[in-house]
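Being a predicted model, the structure only gives us computed values, none of them experimental. Below, read A as the first sequence line, B as the second, and so on, with proteins coming before strands; counting in each chain starts at 1.
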Protein chains: 2
Amino acid sequence: MDQSSILCPRFAKAMKMMGQRWTGLVIYQLLTGPQRFCSIESSLPISGRLLSERLKELEQEGIVKREVFPETPVRIEYSLTEKGMALEPLLRELEKWSQNWIEVEN
Amino acid sequence: MDQSSILCPRFAKAMKMMGQRWTGLVIYQLLTGPQRFCSIESSLPISGRLLSERLKELEQEGIVKREVFPETPVRIEYSLTEKGMALEPLLRELEKWSQNWIEVEN
DNA sequence: TTTAGTTACTTACTTTATGTAAGTTAGTAT
DNA sequence: ATACTAACTTACATAAAGTAAGTAACTAAA
């Protein structure tokens, strides 16, 4: 478990983030536009507990922006920052790959 | 936890795979060419236990190919299949994104 | 002919992450 | 007061990951 070749720390960090359950799908969902908590929650098979956790992490990374609208009941919108938007090509590549190489069923 | 919009099952499956710890890094490492177990193990901070598990999963998905050379001691080489190679653009996108948007330290 | 060395794994066990469900907070509306 | 809503939290069970030691098959050295 000692590394002989050095992994680029930026790349390793990005991998650690994207290689976390739900992160990619949450960002993918936000590519369709700003959305509130319950909307993301119902578009993915993720629980509120984890969605809350992931959104917090993504906000800290500067990938997601959280905006509070003091309406009734309160509306909170999540959207992608420029850094988050920059992930679109990556997600489109995964989309393409999955269309070309994954068959469903199992 | 009910989905109102339907997630494409191919994309969801690809996400589940790539959004697993180490999967992306193992494939990234194999992009540099066929390699044996101990070589991958020492190039990433992954343990033998998990590397063995991931390689088995990737082999089952048809992303990685395992070849046994009955030398002394036995040599086993892992390489990417065509399906695995097709993930290169995706990994290059992540590489680019990380160079542009991630700063190291923390 | 014991002893040690090599690669490629397994097994056993601990810690961390995730899944599930119920509960909380703040602000109306009835 | 009671109920309703959105957005979370908390508590607890299960699954996945981390760590370290062990195994199998073979060779090479003492």
- [ ] Would you indicate which nucleotide in dT20(C), dG19(C), dA8(C) comes nearest to any side-chain atom of Leu50(A)?
- [x] dG19(C)
Task: Residue met sooner reading DNA chain D from 5', once Pro73(A) and Gly48(B) are mapped to nucleotides - done: Pro73(A)
TODO: Answer whether the closest heavy-atom distance between the side chains of Phe37(B) and Ser42(B) falls below 4.5 Å.
DONE: no
Task: Check ion pair Lys56(A)-Glu53(A) (N to O, under 4.0 angstrom) - done: no
Open item on the list: Using a heavy-atom cut-off of 4.0 Å across all strands, would you classify Arg49(A) as base, sugar-phosphate, or nothing?
Closed with: base
Open item on the list: Can you tell me if Ser52(B) touches the phosphate of dT10(C), counting only side-chain N or O atoms and a distance under 4.0 Å to OP1 or OP2?
Closed with: yes
Open item on the list: Does dA16(D) have OP1 or OP2 under 4.0 Å away from a side-chain N or O of Lys16(B)?
Closed with: no
Open item on the list: So Met17(B) and Glu61(B), do their side chains get closer than 4.5 Å, heavy atoms only?
Closed with: yes
Open item on the list: Between Arg21(B) and Lys16(A), is there a side-chain heavy-atom distance shorter than 4.5 Å?
Closed with: no
- [ ] Would you kindly give the OH-to-P distance between Tyr78(A) and dA6(D), to the nearest whole Å?
- [x] 14 Å
Task: Gap between atoms CZ and P, on Arg66(B) and dA8(C) respectively (whole Å) - done: 9 Å
Task: Between P of dG18(D) and CG of Leu44(B), the distance in whole Å - done: 12 Å
Task: Lys56(B), nearest nucleotide to its side chain (from dT10(C), dC9(C), dA8(C)) - done: dT10(C)
Open item on the list: I want to verify a distance call: between dA7(D), dG19(C), dT7(C), whose nearest atom is closest to the Arg36(B) side chain?
Closed with: dT7(C)
Open item on the list: Please report the distance, rounded to the nearest Å, between CD in Gln35(A) and C1' in dA6(D).
Closed with: 15 Å
Open item on the list: For a quick check of understanding: with a heavy-atom distance under 4.0 Å over all strands, which category does Phe69(A) fall into, base, sugar-phosphate or nothing?
Closed with: nothing
TODO: Measure the distance from CD on Glu41(B) to C1' on dA8(C) and round it to the nearest whole Å.
DONE: 9 Å
Task: Per Trp22(A) side chain, nearest of listed nucleotides dG19(C), dA8(C), dC8(D) - done: dG19(C)
Task: Between C1' of dT18(C) and CG of Leu51(A), the distance in whole Å - done: 14 Å
- [ ] Indicate the atoms forming the closest heavy-atom contact of Tyr78(B) with Leu30(B), along with that distance.
- [x] O-CD2, 3.4 Å
Open item on the list: Side chain of Arg21(A) only, heavy atoms from C-beta on: which candidate in dC8(D), dC9(C), dA16(D) is closest?
Closed with: dA16(D)
TODO: Specify the separation, in whole Å, of atom CZ of Arg54(B) and atom P of dG18(D).
DONE: 8 Å
Open item on the list: In this structure, how many angstroms lie between the P atom of dT7(C) and the CD atom of Glu77(B), rounded?
Closed with: 14 Å
